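FYI, the numbering just counts along the sequence from 1. All ligand and atom numbering here is 1-based and tracks the order in the structure. Keep in mind the model is a prediction, meaning the values are calculated, not measured.
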Amino acid sequence: MTNPILAASAQSTEAYQQAIAQSSAAVVKWLQQPEMYQGKTVAELRERITLDFNPQGLGNQAAIERAIEYFLKDSLSVHHPQCVAHLHCPSLVVSQAAEVLINATNQSMDSWDQSPSATIIEMKLIEWLRTQVGYQPGDAGVFTSGGTQSNLMGLMLARDAFFARQGHSIQQDGLVGNLKKIKVFCSENAHFSVQKNMALLGLGYQSVTLVKTDRFARMDLNDLKEKVAQAQANGEQILAIVATAGTTDAGAIDPLRDIAALAAEHQIWVHVDAAWGGALLLSEQYRDYLDGIELVDSITLDFHKQFFQTISCGAFLLKEARHYELMRYQAAYLNSEFDEAQGVPNLVSKSLQTTRRFDALKLWMGLEALGQKQYAAIIDHGVTLAQQVAAYVAEQPNLELVMQPQLASVLFRYRPASLAGADNAAIALLNQRIGDALLDSGRANVGVTEFDGVTCLKMTLLNPTVTLEDIKVLLALVETTAQQLPTA
Ligand SMILES: Cc1ncc(COP(=O)(O)O)c(C=O)c1O
């Protein structure tokens with residue numbers, strides 16, 4: 001029997017090189033497929049993909065061939081110019097190289113003795129990210145699996161700090177008191193992970209108060225002030241305000257400085273979900289959109305969005321390191337007091353995960369390979385392109401711009417003059433069908449979402465290689481597709 005483990009032997013290293021070469025050759029072929037997607041339906045893929053494992057094993061080569069046939073060929077081409085539905089980026093070439101190194105070394109970030117150089121690189125990157133934000137020097141923060149987990153960490157520490165101020169340890173004793181009176185505020189456009197996380201934290205969806213938004217989908221400060229006053233009058237207590245820097249659809253950035261000032265008056269924790277807008281930390285043209293981010297208690301960043309890293313790669317930053325004490329756990333086998341006393345780094349105490357990938361390497365290599373100038377340019381490209389696309393959409397007689405872009409997304413809908421008298425439901429259904437028909441055809445993936453009760457189409461223009469001309473082609477496709485669809 002051949003050794004299946006990656007190790008030093010000639011047989012193993014040869015098998016490794018063969019497997020990587022076979023896989024990367026297949027990727028190169030896949031990248032050149034002209035279609036964005038082969039257009040198979042859910043039922044067709046269910047029928048096609050079977051898990052009939054061979055008890056003897058197929059060997060690496062055949063297993064890779066089957067993955068190419070059944071997975072790769074029917075994958076969505078995220079690098080395709082017409083793939084614009086989600087905050088789902090094409091990735092940097094250097095991120096692929098980083099993945100090879102991350103995977104082959106299989107370091108685990110939960111203790112220094114499982115990831116010596118990786119631990120130091122991650123800590124230094126956290127220090128660097130803090131300086132980009134404008135936080136005091138330090139290393140309070142950690143890489144995460146993405147925005148949902150980073151938001152969970154922010155809300156959890158906000159909850160635990162809130163109870164600690166009243167002399168109660170959630171870690172030791174769990175939740176106590178009249179929990180129905182505890183609230184978290186976020187805008188009605190905040191990410192749904194706020195609700196999901198509050199449910200996980202034992203306070204339920206009922207704890208989330210939605211603050212109204214203005215015509216640019218940003219949190220309305222007056223409504224926030226009124227709701228805070230109202231909550232206090234009702235004897236409710238506000239655990240945290242979650243501000244968003246880059247809402248998922250509109251890319252709206254809440255007024256961070258004003259929110260932080262209001263929260264400071266009332267001693268309320270502010271967490272900023274900058275999963276998308278955090279990319280502007282590197283921007284040359286748009287960095288000021290994040291004005292005030294340095295004032296908040298904790299921050300979510302996501303590098304698998306407009307930082308062009310492979311999934312997954314995110315970070316959580318904590319303004320004051322002392323709050324990390326709220327989640328400290330001393331496990332003898334990982335982070336003993338003996339080791340800590342000797343200055344051995346301890347990342348497991350900063351993370352919700354135990355075993356954890358060295359995803360930080362991707363950001364480090366990205367910054368090294370591109371340099372900050374090129375990184376800024378590819379981030380700014382999407383924001384600028386969205387403005388150009390919006391101007392173009394506004395000129396098209398059959399299209400309607402639903403809202404002015406703020407980051408790199410454009411919300412619009414198909415609404416020709418012939419449908420001027422049609423009711424909203426008919427126009428909504430037509431736009432939904434356009435999105436579905438485009439994906440079915442395999443030619444484009446355009447988002448379908450709702451903004452202010454209006455069903456609309458969404459282009460998220462992250463891809464820095466996409467031009468206005470590419471988007472004009474896509475919009476023409478939207479129109480021809482629409483014209484072939486029933487309107488009722
Ligand atoms: C604003 C915002 N926050 C959080 C998330 C969740 O991030 P993740 O998918 O990395 O968990 C998203 C996802 O799109 C998002 O748009």
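The contact shell of ligand 1, taken as protein residues with any non-hydrogen atom closer than 4.0 angstrom, comprises L87, G146, G147, T148, N151, H191, G246, T248, D273, A275, D302, H304, K305.
Q353 places no side-chain N or O within donor-acceptor distance of the main-chain N or O of T144, the cut-off being under 3.5 Å.
Not counting sequence neighbours, D297 has no partner by the salt bridge (Lys or Arg N to Asp or Glu O under 4.0 Å) test. Partners of D258 according to the salt bridge (Lys or Arg N to Asp or Glu O under 4.0 Å) rule, which considers only residues two or more places apart in sequence or in another chain, do not exist here. In terms of the side chain to side chain donor-acceptor pair (under 3.5 Å) criterion, residue partners of R48 (sequence neighbours excluded) are, by chain and number, E69, D74.
F316 and H271 have parallel rings, their planes meeting at less than 30° on a 0 to 90° scale where 60° marks the start of perpendicular.
By the 4.0 Å N-to-carboxylate-O rule, E236 lies too far from K180 to be salt-bridged with it.
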